[in-house]
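Below: the structure, in structure tokens.
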Amino acid sequence: MDKTTKNNRPTVIIGAGPAGLTAGYELSKFSENAVILEADHTVGGISRTVSYRGYRFDIGGHRFFSKVPYINELWQEILPEGFLLRPRLSRIHYQGHFFDYPLKVTNALAGLGLVEALLVCFSYSKAKLLPSAEDDNFEQWIANRFGHRLYRIFFKTYTEKVWGMPCHTISADWAAQRIKNLSLREALYNAIFNNGHTRKGKLITSLIEQFHYPRLGPGMMWENCKTVLARKNSPTVFGERVTGIRHKSGFVECISSQNQAGEKTQYDGSNYVSSMSLKELILGLDPPPPDQVLQAAKSLRYRDYLTVVLVVNRENIFPDNWIYVHTPEVKLGRVQNYKNWSPEMVPDSCKTALGLEYFLWEQDEEWRWPDERLIETGIRECAQIGLIQPEEVEDGTVVRMKKAYPVYDQNYHRSLQIIRQYLARFTNLQTIGRNGLHRYNNQDHSMLTGVYAARNIMGEKHDLWSVNTEKEYHENGILQGETQSGGDRLVPVGGPPESSSLPVSALESTNAAGRQQILEEAFALLDPLALGLAVGLVCGFGLFLAGVLLLLKGGETVGPNLSLLRHFLPGFTVSWPGVFLGFVEAGVGGFVLGNIAARLRNGLMFAYAGIVRRRAEAEENPDILDKI
Amino acid sequence: MPILQESQAIPKNIVRIQAGIWGFVLAAFSGLMLFAMTAWLLIKGGQSVGEHLSLLGNYFPGYSVSWSGSFVGMFYGMLIGGIAGWAIGLIYNKVVDWRIRGK
Ligand SMILES: Cc1cc2nc3c(=O)[nH]c(=O)nc-3n(C[C@H](O)[C@H](O)[C@H](O)COP(=O)(O)OP(=O)(O)OC[C@H]3O[C@@H](n4cnc5c(N)ncnc54)[C@H](O)[C@@H]3O)c2cc1C
């Protein structure tokens, strides 16, 4: 990437979602201009806030929480006033009952009833004692930790509603990225050095219990960002869908966009940053890429999302921010209560706006249903699970969001590799964001890819594809303080950025190395053979010596008491042949003892380590449903 | 991603025994044991106190089931325990070294 872009052509950014706007914002810090092309007529992408007759709602309720310090700083910078700190309350609706989420044992067992609770306990114990040897898909991962019954009740239906595919076909990558699979080493480390808690575990717990939320919804953040950018000479152009990317010899020459009237405009930039879907980008390349790349792009799939918003004439319907609807009889996946996110989301405090969330494929017939039919269905299903009375609903609207979720199916990884390899040839094009990288990112990681793209333009070197992956880079830059391995996190390559970062101190890394060594030593295995031999030799020799001493002392009857050992050591007597036999027999006995002791100690240590790991995993993943 | 077999995931170093520490621990253990056993028999009292335990006098000159003997016993217990612990540690480490070199 060019070190300087100081020519009169701006960077062209495709998409005014969190990733695109953040890329523009970061560039503006280096006094670089950008133009942001947005297909829609509003900013924020999936993180927008829609307003309907004064009722505001999100595409699914957007919590602002991040373990990335720089992103937290950016949020405060872009929206210095306007953040609320909200308590989180969410429950699961299943077969007429509400269960606290994250799950609480007593609440869950009480809601299930005696028989089901017993079956759940049985299946849970079975999972703990005899976990499946496989852990490579969502179904197995959950069943191994909670038992099959809890999996069926609390995870299966919701996950399948969201993803539209059976849980056992959900790729391992998904679980790896979204669900933290703690390494045993890490768990033991935390057990010894962090008082039994994972450092992240503590942080995660607090992140789950409360979250930040802009007073007027996430759209407020992105509106502000757009305004700041416009002031800095980086305008956002609405209604411009990028359809063509002209390139030559690994260099993008220009892109063309089309507005709703079908008019085409061409944009020349020095650099191009795209948050449009990879599929659309590849299909828009001119000249087209090789067939293999085209096929790979065509195979990428996206789950679509539709929300039915109901204005209900009741002040308080339920106290939760949202409710997961697991009940299989309804298609409804989740219900948001936007007033509980921020009181300012409703214009009249006597009313409530509920956002009913449906996860669909564009090809599903429901996707094409008229709004009235969808609203009717929403009212019926909401009443069916007992949340409202149909006559309380005053008004309703529908918002459809295509490509809300990049799908991790069995083929996506290979396709992505092909596309990524192909795109690597472009020197002035970077792809960012959720669909630009086909990665199931939240806002923070989407934004971070925007930050890195901007910094790459300024000459730094960051691998955008490794953001929010399991790769073990040691971050000493933007992610300062976030150094342990983990799934839901970013792991870039690169030198230290100029602001808000300090390298990890030498002392800290020395401590870490020392601790690692202690861990290695504390959990090293006892060699059963060696301990057996050592104890055997000492026992054998001890008895031999005891016999020899008595023999040398002599007397009328030599060693009548020591000879009693013959009850345990057949043939043993205090005589010269007897002491040699005793040496062998006591040696064998000692060997068995030492061997068993070593095995027992190793076994107990494994058991302890296993418990520690599972406990730590549970601590780090109390919110699995939030990650689905 | 196959499930982590606990045995695969655990740090795989083979522990080395600190012979001195093992010697010390076993010395303390056996010394105190012999002291406590002798003391217990004395406290219990009876006609012929510690008939069998006093046979240790065959090996430990000066040991008897008496209050002074209990301290002598503690000394011998520590001595024997210390040597045994130290020897176990030493032999164990040697065997581990051989086995590792053999691999
Ligand atoms: C139901 C749901 C709940 C979520 N909850 C949270 C949450 O609680 N917290 C959180 O942090 N994140 C949440 N997310 C994730 C968050 O919405 C995304 O990570 C974020 O919006 C991604 O930003 P982006 O800029 O990469 O992509 P997008 O938001 O998709 O923005 C891309 C933009 O590019 C535009 N575009 C696309 N194609 C073209 C084109 N050809 N030409 C021009 N413009 C184009 C689009 O119109 C869009 O505005 C949630 C997502 C969903 C679906």
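Lettering of chains follows the sequences in order, A, B, ..., and the numbering in each one begins at 1. Quick caveat, the model's predicted, so the values are computed rather than measured. For the numbers below, each heavy atom of this structure counts, side chains included, while hydrogens, waters and symmetry mates do not.
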Would the distance check show the side chain of [X] and the main-chain N or O of [Y] forming a donor-acceptor pair, the cut-off being under 3.5 Å?
| X | Y | answer |
| --- | --- | --- |
| B:S54 | B:S64 | no |
| B:S30 | B:M78 | no |
| A:D527 | B:V96 | no |

Nearest heavy-atom contact between A:L150 and A:F155 is O-CD1, 3.8 Å

By residue number, those in residues 536-545 of chain A with heavy atoms under 4.5 Å from heavy atoms of chain B are A:L537, A:V538

Turns out that what part of A:L526 lies under 4.5 Å from chain B's heavy atoms comes down to both

Whatever's closer than 4.5 Å to a heavy atom in chain B on A:A607 counts as neither

Name the region of [X], side chain, backbone, both or neither, that has any atom closer than 4.5 Å to a heavy atom of chain A.
| X | result |
| --- | --- |
| B:W86 | neither |
| B:I80 | neither |
| B:L55 | side chain |

- What do you reckon, are the aromatic ring centroids of A:Y440 and A:W163 less than 6.0 Å apart? yes

Under 6.0 Å between the ring centres of A:Y408 and A:Y412? yes

- Task: Using the side-chain hydrogen bond (donor to acceptor under 3.5 Å, both in side chains) rule, take B:Y63 and B:T38 through it: C-alpha gap first, then chi angles, then the decisive distance, then the call.
- Result: CA-CA 10 Å; B:Y63 175 75; B:T38 314; 2.8 Å; yes

### Query
According to the interplanar angle, ranging from 0 to 90°, do the rings of B:Y76 and B:F60 count as parallel (below 30°), tilted (30 to 60°) or perpendicular (above 60°)?
parallel

Residues 559-569 of chain A side chain polar contacts: donor-acceptor under 3.5 Å, at least two apart:
| from | atom 1 | to | atom 2 | distance (Å) |
| --- | --- | --- | --- | --- |
| A:S563 | OG | A:G559 | O | 2.7 |
| A:R566 | NH1 | A:S563 | O | 3.2 |

Pair count under 4.5 Å, heavy atoms only, with chain B: among A:A534, A:G590, A:G532, highest is A:A534

